[in-house]
Amino acid sequence: MLRAGWRQGRRADGTPYGFTCPAPRRYPHQWYWDSCFHAIVWRRFDPGTAREELRTLVRAMSPEGLVPHTVFWSGHARWRRAPFYATAAPFGSFATAHTQTPVLGLAWELVADGDGEFVREGLEPLARHYDWLDRERDPDGDGLIAILLPDESGLDDSPKYDQVYRRMSHYRPGYFWLVERHRRRGYSSHAMVERFDHHLEDVLVNAIYALSLRALHRMSGEPRFLRRAERAEAALMERCWDERRGLFFDLATRSERRIDVSTWSSLAPLILPSLPEDVRRRLVEEHLLDPRRYGAPVGIPSVSMEEPSFRAGFDRFRCWRGPSWVNTAWLLVTPLRELGYGDEAERIVRSLAAAVDREGFREYYNPLTGKGHGARDFGWSTLVVDL
Ligand code: GLC
């Protein structure tokens with residue numbers, strides 16, 4: 001299936017590319033975090049292709065260090081969709097001017113699998129990317145990076161963003177205005193934060209940021225990456241951890257208002273081994289495995305089943321408001337195993353594997369019934385094989 005989604009060639013200026021599109025019909029371009037997840041699976045049976053997928057992502061990086069959310073290698077965005085992509089101009093851009101959850105450091109280390117040459121090849125571009133995030137995306141200097149548009153986390157329409165973006169939410173037509181405002185200010189986070197105050201310090205994004213910084217530190221030996229990882233982890237504990245509810249919450253706008261909606265992002269810091277063990281166990285026991293919250297029959301729901309906004313099934317414009325996604329399980333199952341919840345971890349993996357057997361590699365699954373929804377032949381759902 002991944003081979004069928006593989007696209008390779010040369011852009012008009014001669015730049016070679018090779019990537020897996022997330023789903024041949026619905027998502028024909030290259031997406032940042034999708035490509036990282038694809039490469040993580042490719043590495044199991046075709047490491048050369050895994051490397052080429054990550055190299056292609058790096059070739060799309062701006063000289064300053066922005067890795068685009070979406071790259072249009074082999075064709076432009078379709079005209080009807082084009083104005084809604086966060087590009088510098090409504091038509092004709094080669095890539096978007098916004099980014100996505102920074103998984104590249106983590107993916108590079110896994111794909112390198114100890115190969116020094118590939119590690120060295122990644123050091124300069126990875127440092128450029130993570131230095132850019134530190135310089136451009138931490139306007140208040142607290143060690144947590146900010147997203148400017150809701151889809152920069154990859155969780156486009158998550159209900160946790162409703163109170164911040166309202167009519168400009170990703171699934172509403174007003175999203176166009178959010179994009180337009182950024183175009184007019186050249187996507188400068190400092191200008192946007194100053195003028196509009198719609199940014200957000202997202203828990204999932206920062207947990208992955210810290211994990212990737214640690215990977216980059218292991219690969220490069222550069223102390224600044226470790227320092228930043230530790231700062232982000234400490235800030236997550238100090239600012240985002242809600243001791244009473246036992247969950248991590250995003251901080252919205254300059255006032256750092258906590259968005260107390262329980263989504264799987266609230267559980268994401270589980271992936272950070274440096275966090276206190278009792279905090280991680282609370283995430284698992286009070287939330288992840290609780291049958292009223294995230295302990296669903298199939299996979300891990302993207303929103304707690306207790307939340308009023310929880311929707312298990314299909315919605316044409318909204319997909320992060322309840323369904324189970326395979327990348328979520330891929331991230332959370334490893335820490336579950338490490339903390340000694342092996343049986344529960346296997347149950348989650350088996351429930352998803354059974355859904356895939358029955359329904360194929362779909363974009364997401366109903367956590368109550370296992371029914372598959374959204375795109376067919378969806379690339380990162382193959383992470384279940386990796387698990
Ligand atoms: C959807 C998802 C996003 C993903 C993209 C491509 O927009 O919300 O996370 O990167 O599709 O698969």
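Remember, it's 1-based here, ligands and their atoms both numbered in the order they're listed.
- Electrostatic pairing of E53 and R7 does not count as a salt bridge here, judged by no charged N lying under 4.0 Å from a carboxylate O.
- At least one side-chain heavy atom of R321 sits under 4.5 Å from a side-chain heavy atom of D162.
- Residues in residues 344-357 take part in these side chain to side chain donor-acceptor pair (under 3.5 Å) pairs, two or more places apart or across chains: R337-E346.
- In this structure the side chain of T70 never reaches within 4.5 angstrom of the side chain of Y32, judged on heavy atoms.
- A heavy-atom cutoff of 4.0 Å around ligand 1 is satisfied by the protein residues P22, Y27, W31, W33, D34, Q100, G154, D156, W320, F378, W380.
- The residues R224 and D131 are annotated as salt-bridged, a charged nitrogen and a carboxylate oxygen being separated by less than 4.0 angstrom.
- Looking at heavy atoms from C-beta onward, R281 lies in side-chain contact with Y341 at the 4.5 angstrom threshold.
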